[in-house]
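Working notes, structure below.
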Number of protein chains: 2
Amino acid sequence: MNERTDQDDRLATRLRAHGIAPTRQRLAIARVLLAAPQHLSADELLDRVRAAGGRVSKATVYNTLAVFARKGLVREVIVDPARVFYDSNTAPHHHFYNVETGELIDVEAPDLPLDRLPPPPEGTVAEGVDLVIRIRGAARA
Amino acid sequence: MNERTDQDDRLATRLRAHGIAPTRQRLAIARVLLAAPQHLSADELLDRVRAAGGRVSKATVYNTLAVFARKGLVREVIVDPARVFYDSNTAPHHHFYNVETGELIDVEAPDLPLDRLPPPPEGTVAEGVDLVIRIRGAARA
DNA sequence: TTAATTGCAAACATTTTGCAGGTTC
DNA sequence: GAACCTGCAAAATGTTTGCAATTAA
């Protein structure tokens, strides 16, 4: 059981580094969500955490995701009115969103010359840039 | 009452040009939404249509907005998980979204060199590009 | 021990749906 | 008169909230 403990230690450290107290539930959620770059909705995440043996309530998943997002550990992706996606890839990048399948695909940011964006209106500050390319079709391999 | 009739005729023509049958309710909705470039949610639109004397049900507003969007008469803007905005400006452009006030502001598209976007994955076709600059702060004049 | 976190169920808000009645061409 | 449109109310969905019990530091 040392591997798992080591990994959890790393995760706990990472949470603390973001000012998040590493509780049992938050670790269970982080273990799933931060395992790899991916896009999950709250409900999907709840399913996966439970499938992995985690005991978490729905409310806690929503709470936790909001905390993670606020602390910059994950990124909210708003592309579908039906649900919010949480992206464990916090590096600057953009997305393809398949409106037919609901699939989200990362796009490398460097491809895009977004360095000279228009300046925000007076009195406001830019907080982030979201670029979404909506696509459709079956992305068969 | 000729002015209003003339304007309605123009709107009706515009709807027909998009393959939309110009019913009483759709005209009432179009009159409000297409009067100027603006961003309205379904509920806001319902209020305004009724304030203007239009008799429309909530269901019809949702139906109509979906039809307008599908036919390209308006554009859906997904920036807030809580509600969909409908943008009567169909020219290519982007948005500032004030996460504090919920305000949407148009950004001229030409400012952005989005001509060389990454190609969509095989088997899919790009349908549109949404660029949102999230801002915060009170945009006082 | 003191504040923070969790879980449950009820509450919410927006949007969708079923279907009867109207309207349009 | 056949197809389309509308309205109402009920349902569906994802998310939030209130509050008592639990846990973390």
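Only heavy atoms go into these numbers, but all of them, side chains included; no hydrogens, no water, no symmetry mates. Numbers restart at 1 for each chain; the letters A, B, ... are given by sequence-line order, proteins then strands.
Distance Asp80(A) CG to dT15(C) P: 12 Å, rounded to the nearest Å. Nucleotide dT23(C) holds its C1' atom 17 Å from the CZ atom of Arg55(B), rounded to whole Å. Distance Ile20(B) CD1 to dT6(D) C1': 16 Å, rounded to the nearest Å. Atoms CG (Asp43(B)) and C1' (dT16(C)) sit 14 Å apart, rounded to a whole Å. As rounded to whole Å, 16 Å separates atom P of dA24(D) from atom CG of Asn63(A). Rounded to an integer number of Å, the gap from CZ of Phe85(A) to P of dT13(D) is 16 Å. Nucleotide dT14(C) holds its P atom 14 Å from the CG atom of Leu45(B), rounded to whole Å. Spacing between atom CG of Asp47(A) and atom C1' of dT13(D) amounts to 15 Å, rounded to whole angstrom units.
Within the structure, a side-chain polar atom (N or O) of Thr23(A) is placed less than 4.0 Å from OP1 or OP2 of dT6(C). Between Gln25(A) and dG7(C) there is a side-chain N or O to OP1 or OP2 distance below 4.0 Å. Using a 4.0 Å cut-off, no side-chain N or O of Arg26(A) falls inside it from OP1 or OP2 of dA24(D). Between Arg24(A) and dA24(D) there is a side-chain N or O to OP1 or OP2 distance below 4.0 Å.
Out of dT15(C), dG7(C), dT6(D), the shortest distance to the side chain of Lys58(B) is found at dT15(C). Each of dG7(C), dG7(D), dT5(C) was ranked by its minimum atom distance to the side chain of Ala59(B); first place goes to dG7(D). You'll find that the side chain of Ala42(A) is closest to dT15(D), out of dT15(D), dA9(D), dT14(C). Taking every side-chain heavy atom of Arg83(A) into account, dG14(D) is the closest of dT6(D), dG14(D), dG7(C).
Under the side chain to side chain contact (heavy atoms under 4.5 Å, CB included) rule, Thr64(A) has a single partner from Thr60(A), Val61(A), Val67(A), which is Thr60(A). Each of Leu33(A), Asp87(A), Ile29(A) was compared with Val74(A) under the side chain to side chain contact (heavy atoms under 4.5 Å, CB included) criterion, and only Leu33(A) meets it.
At a threshold of 4.0 angstrom between heavy atoms, the contacts of Arg16(A) with the nucleic acid are absent.
Atom CZ of Arg83(A) is surrounded by more than 12 heavy atoms from other residues, nucleotides or ligands within 6.0 Å. For Arg24(A), the CZ atom counts as loosely surrounded, since its 6.0 Å shell holds 12 or fewer non-hydrogen atoms of other residues, nucleotides or ligands.
Remark on DNA chain C: of its neighbouring residues Tyr62(B) and Pro22(B), the 5'-side contact belongs to Tyr62(B), judged by nearest-heavy-atom nucleotide.
Using cut-offs of 30° and 60° on the angle between ring planes, the pair His39(B) and His95(B) is perpendicular.
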